[in-house]
Amino acid sequence: MVLAIENAKQGELGELWRFYEEVCAAQEGSAFSPGWHIGIYPNREELSERIAAGEMLLVRCEGRIAAAAVLSGRDEQTYDGAAWLHEAEAAEVCVLHLFAVHPDFRGKGVSDAALEALIRRASLLGRRLLRLDVVKGNLPAERLYQKHGFAFCEEREVWYEDTGEITVHLYERVLG
């Protein structure tokens with residue numbers, strides 16, 4: 001299976017929106033759901049902004065979006081005061097958001113290959129650390145991140161617009 005990672009373009013917003021609609025529909029009722037609610041998180045405006053900022057990445061397989069993610073260099077206020085394992089200036093950190101694999105591509109190694117491509121991309125940006133959060137109880141996601149060298153840092157309560165207050169696990173990975 002050949003995967004290609006690319007920056008999303010504004011003309012692909014409709015296709016990206018359908019991707020996340022299908023991802024969110026597939027997660028409904030799942031014990032391992034990230035709890036996303038299409039139209040709130042993700043929403044079209046934020047996806048468009050992330051595309052314009054060059055932060056929205058697509059992983060394609062046979063022309064289709066197999067996976068997508070945001071790789072951001074923005075400071076994440078939700079993480080203020082976190083017990084990170086490594087101190088770093090904001091310019092040394094990338095944050096991974098909205099990482100998802102389309103249901104049609106699950107169980108085929110796409111998660112592993114896409115995450116490795118995202119890790120390489122963060123390294124190429126000259127960042128030293130890659131950070132993320134996982135909703136507590138999303139064990140498949142936590143196992144994936146741990147398998148790829150992410151270390152658990154902290155459990156904390158956070159508030160997101162679509163879920164309200166939830167418990168997440170913070171992870172980070174040293175790059176390079």
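Positions are given from 1, in the same order as the sequence printed here.
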Minimum-distance pair of heavy atoms, taken over all atoms of [X] and [Y]:
| X | Y | value |
| --- | --- | --- |
| N138 | P34 | ND2-N, 4.1 Å |
| S111 | F99 | O-CZ, 3.9 Å |
| G14 | R44 | CA-NH2, 4.1 Å |
| I40 | N43 | O-ND2, 3.0 Å |
| A69 | M56 | O-CE, 3.3 Å |

Just wondering, do [Y] and [X] contact through their side chains at under 4.5 Å, heavy atoms?
| X | Y | value |
| --- | --- | --- |
| R143 | K147 | no |
| Y145 | L96 | yes |
| P103 | V23 | yes |
| Q10 | S48 | yes |
| H86 | E92 | no |
| L58 | F19 | no |
| E55 | V95 | no |
| E46 | H97 | no |

Judged by atom type as modelled, is there a donor-acceptor pair below 3.5 Å linking the side chain of [X] to the main-chain atoms of [Y]?
| X | Y | value |
| --- | --- | --- |
| E172 | C153 | no |
| Y79 | W84 | no |
| R156 | T78 | yes |
| R131 | L170 | no |

| task | Consider only side-chain N and O atoms of E142 and Y171, and report whether a donor and an acceptor are under 3.5 Å apart. | result |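 Side-chain D/A pair, E142 to Y171: present.
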| message | Exactly one of V70, I5, I51, L98 should register a side chain to side chain contact (heavy atoms under 4.5 Å, CB included) with L57. Which one does? | response |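 Only one option passes, and that is I5.
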| query | Just wondering, more than 12 heavy atoms not from E165 lying within 6.0 Å of its CD? | reply |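 For E165, atom CD is crowded (more than 12 foreign heavy atoms under 6.0 Å).
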| Got more than 12 heavy atoms from elsewhere within 6.0 Å of CD, E157? |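 It does: E157 CD has more than 12 such atoms within range.
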